[in-house]
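Naming convention: chains lettered A, B, ... in sequence-line order (proteins, then strands); numbering from 1 in each chain. Every value quoted in this text rests on a predicted model; they were computed, and no experiment measured them.
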Amino acid sequence: MGLEKSILRLPRGLRDFPPEEMAKFSYVENKIRRVLELYGYQEVRTPIFERFDLFALRSGEEIRSRMFVFSTDEGEMALRPEVTAPIARMVATGKLDLSKKPLKIYYIGPCYRYDEPQAGRYREFWQAGVELIGSPYPEADAEVIRLATRVLEELGLEGYVLRIGDMAVIRAFLTQEGVPEEAVNRIIGPLDVLTSSLDKLRMYREKLSEANSGRPLGPDKLSDLIRRCDEIRRLKEEELLKMDAGESLIPKAYEGLLEPDPRVYRLKELYEEGSFDEICDVLDKKAEELVVLTKLRWAYYGVEYGPGQTYKMPEEVFDKLMELMSISGPGDEALPALEKLLGRSGQVGQALSRFEEALKALSWFGVEGFTVDMSIVRGLEYYTGTVFEIDFPFLGAQKQVCGGGRYDKLVEEFGGPSLPAVGFAFGVDRLVLALERSGKVPPARPRCDVYVIPISEEVLDYAIRASEQLRSSGLRTEVSLSRRKLREELSIADKLGARLAIIIGPREAEEGKLTVRDLETREQVSLPLKEAIRHVKAALAGGKT
RNA sequence: GCCGGGGUGGUGUAGUGGUCAGCACGGGGGCCUGUGGAGCCCCAGGCCCGGGUUCAAUUCCCGGCCCCGGCCCCA
């Protein structure tokens, strides 16, 4: 009787790593270690779980449902969803030698999130990250970004997209416009959702207007498009109903902007009959409505940011913020645009100059070809300055392999000294995926180079002693533990990928020799141990790779 | 939460409303006694679960579970 199948089943989103798979991971991890140590970073390790509150401190109670939480007699614990907070805890509690400031540390280890798995997303995933703690200067930001691109280069991965933004600029702008500090995070999050929705709508629009015939979208995309439009329609109609009932806070004067448009119900038909122009028109309208709706809500309902506290954003501020977030392009285009929009004075000007310096420092490190993108707002609230992301577009939905930025307040918020910091994390699984998809996985190394075959039991003694000698001289050697027949052993040696077999029978034992057989050429010679070792080394060095 | 595509020995697969569900690799055993890296022979092992349709379901239908993708969200 076998065991109940269900107890053997791996929990959802977890994976085993057989040797072939593990080899790819080790390859990536080793590359990462080598690059980071080249820059003087040292590896650390933190526990796999910590107090739940440590992770909730910054991200809020809401993330409970996205983590693995369990209770113990010491209170609630959570499997770590990321490693920045534990590192900050380590620093804040004085575990690191601050006289070596800036601290340069890195980690590679598993993290856990209670999410629905899909391609490139698992409940247990590996992160490799860097934290540079104690330098407030732009060259620190630049070095950290350089580390990330250097790892990708060393892995031979091409076609990545590096986008850089700056939270300090955005925060300074909002503060200058009179937005309360605590409200800033409440604004940035939803704004990110808004801009990414607009991006999607714009993308569909482009695809439709480029192709005049055929099916440019595919069923998945089409249904997403319809869903998004319908979502906007729903929001809009809710508001109109409220207006009719006199319950809306938005003045009736805006009613015209929110007028219903029956075409949303016919999007599928329109698509099937090829009326793409019509759909584009609907998309334009919907995008505009979404902006107006959000703007009006924020202006008249306000944004809640604490118990009983709301901030009502003036429409001009909203417009300017949208404009700021939409700035994107190469540095020599984006920076002038930023200056034009924000000016050079006050905190905003300072933040902008700081951002420029970071980008300039990046060029000293030889990093080119990035995009300035003010809309990248990393989900986590603790970022205070430069933020960046690296994507491989060919990975599809889970294309982001790296994300990071500056977090100058975190250590202090954990009760430690005031230490500015900048860091990032790689998704190791996704790096492996990217490597596979671009055919850059190095060929697997065979289990051993030399396979020793004792022909009979009497020579086991001699064969094993000889194997030990081979190993002592650095040769990766297996000695057969299977007592099989010679021809089967040869077949196995071949399958294992060994380059050479060493055959040992009574003859060899008697003469004190080893018969070395080249498994490719099938040539063989009998030599005394020392010479055999030399011969093997020459063969291994001489052959391919 | 939503939308697709799938579940056949350990792995990869073929196939069928009704005989014994086929093949490859892998596993176990045998012939073969130091290179015949092969070959041959034998053995073990499978239609995800539950309902329905039917004389008969692994096959058709429905539901569930699971896996794989995509959307949302995130890293």
Side-chain angles (χ1 to χ4, degrees), chain A residues 2 4-6 8-15 18 20 55 59 62-63 65-67 80-85 110-129 189-190 192-193 196-197 200 204 217-228 230-231 377-380 389-391 395-405 424-431 433 451 453-456 458-459 482 484-498 500-509 515-524 526:
Chain A
E4 190 74 29
K5 247 186 187 165
S6 59
L8 296 177
R9 214 175 54 224
L10 220 37
R12 194 169 172 68
L14 305 190
R15 297 159 292 166
E20 298 73 25
F55 299 113
S59 319
E62 310 88 75
I63 50 152
S65 62
R66 312 185 61 86
M67 291 200 286
R80 64 181 187 197
E82 42 94 11
V83 189
T84 299
C111 296
Y112 301 83
R113 291 180 81 108
Y114 188 72
D115 254 339
E116 282 314 302
Q118 58 182 257
R121 184 209 249 165
Y122 308 94
R123 288 185 169 178
E124 179 184 55
F125 56 97
W126 268 255
Q127 285 212 332
D192 189 30
V193 176
S196 74
S197 281
K200 282 268 162 68
Y204 292 140
L217 282 185
D220 273 12
K221 304 282 180 203
L222 181 64
S223 70
D224 184 51
L225 181 154
I226 293 172
R227 230 195 47 235
R228 282 172 191 279
D230 195 60
E231 176 82 358
V377 176
R378 314 237 47 253
L380 303 168
E389 289 182 2
I390 302 178
D391 296 340
L395 288 182
Q398 314 301 325
K399 63 185 177 170
Q400 193 188 323
V401 297
C402 179
F424 70 80
F426 273 117
V428 180
D429 308 270
R430 293 181 189 176
L431 286 179
L433 209 57
Y451 189 81
I453 305 168
I455 275 172
S456 57
E458 312 89 77
V459 296
S482 306
R484 288 176 203 271
K485 293 172 186 94
L486 177 57
R487 69 168 156 283
E488 286 172 307
E489 294 286 16
L490 285 170
S491 162
I492 284 164
D494 199 44
K495 182 155 38 172
L496 292 181
L500 300 157
I502 289 182
I503 300 166
I504 292 172
R507 283 206 291 276
E508 285 81 1
T515 295
V516 182
R517 180 179 177 87
D518 186 313
L519 288 165
E520 266 167 50
T521 65
R522 305 196 174 192
E523 286 161 6
Q524 61 186 48
S526 285

- [ ] Measure from the side chain of A:Ala119, starting at C-beta and using heavy atoms only, and say which of B:C72, B:G70, B:G34 lies closest.
- [x] B:G70

TODO: State which residues pass side-chain contact (heavy atoms from CB on, under 4.5 Å) with A:Lys485; sequence neighbours excluded, sorted by chain then number.
DONE: A:Glu488

Open item on the list: Between B:C3 and B:A44, how many Å separate the two C1' atoms, rounded to a whole number?
Closed with: 43 Å

Task: Minimum-distance nucleotide (side-chain atoms of A:Gln127 versus B:U35, B:C74, B:A75) - done: B:A75

Task: Minimum-distance nucleotide to A:Gln398 side chain [options: B:C71, B:G34, B:C74] - done: B:C74

Task: Counter-base of B:G22, judged by Watson-Crick or G-U geometry with both distances under 3.5 Å - done: B:U13

Open item on the list: My understanding is that only residues two or more places apart in sequence, or in another chain, count here; which of them pass side-chain contact (heavy atoms from CB on, under 4.5 Å) with A:Thr521?
Closed with: A:Asp518, A:Glu523

Open item on the list: If the condition is salt bridge (Lys or Arg N to Asp or Glu O under 4.0 Å), which residues does A:Arg507 pass it with, not counting sequence neighbours?
Closed with: none

Open item on the list: So if I take every side-chain heavy atom of A:Thr515 and compare against B:G34, B:C71, B:A75, which nucleotide ends up nearest?
Closed with: B:G34

Open item on the list: Work out how far the C1' atom of B:C23 is from that of B:C48, and round it to whole angstrom.
Closed with: 22 Å

Task: Sugar-phosphate only, base, or nothing, as touched by A:Pro506 at under 4.0 Å among non-hydrogen atoms - done: base

Open item on the list: Nearest 0.5 angstrom please: A:Arg121 CZ to A:Arg430 CZ, how far?
Closed with: 7.5 Å

TODO: Just compare B:G69, B:A75, B:G37 and give me whichever is closest to any side-chain atom of A:Arg517.
DONE: B:G37

Task: Separation of B:U35 P from A:Ile492 CD1 (nearest whole Å) - done: 16 Å

- [ ] Could you verify whether a donor N or O on one side chain and an acceptor N or O on the other, from A:Gln524 and A:Thr515, lie under 3.5 Å apart?
- [x] no

TODO: Mind checking salt bridge (Lys or Arg N to Asp or Glu O under 4.0 Å) for A:Asp429 and listing every partner two or more places apart, or none if nothing turns up?
DONE: A:Arg15

- [ ] Just compare B:G34, B:A75, B:G37 and give me whichever is closest to any side-chain atom of A:Leu486.
- [x] B:G34

TODO: Could you pull out all residues at least two apart from A:Arg484 that satisfy salt bridge (Lys or Arg N to Asp or Glu O under 4.0 Å)?
DONE: none

Open item on the list: According to side-chain contact (heavy atoms from CB on, under 4.5 Å), who are the partners of A:Pro11, at least two apart in sequence or on a separate chain?
Closed with: A:Leu14

Kindly give the atom pairs (protein nitrogen or oxygen, nucleotide nitrogen or oxygen) under 3.5 Å for nucleotides 38-41 of chain B.
residue : atom : partner  : partner atom : Å
B:A38   : N6   : A:Arg487 : NE           : 2.7
B:A38   : N6   : A:Arg487 : NH2          : 3.3

Open item on the list: Nearest to the A:Arg228 side chain among B:C72, B:A75, B:G69, which nucleotide is it?
Closed with: B:C72

Tabulated below should be each protein N or O lying under 3.5 Å from an N or O of nucleotides 23-28 of chain B; please produce it.
none

Task: Watson-Crick or G-U wobble partner of B:G4, both distances under 3.5 Å - done: B:C68

Open item on the list: With nearest nucleotide decided by heavy atoms, which residue, A:Arg430 or A:Ile503, maps closer to the 5′ end of RNA chain B?
Closed with: A:Ile503

Task: Residues forming a salt bridge (Lys or Arg N to Asp or Glu O under 4.0 Å) with A:Arg123, sequence neighbours excluded - done: A:Glu116

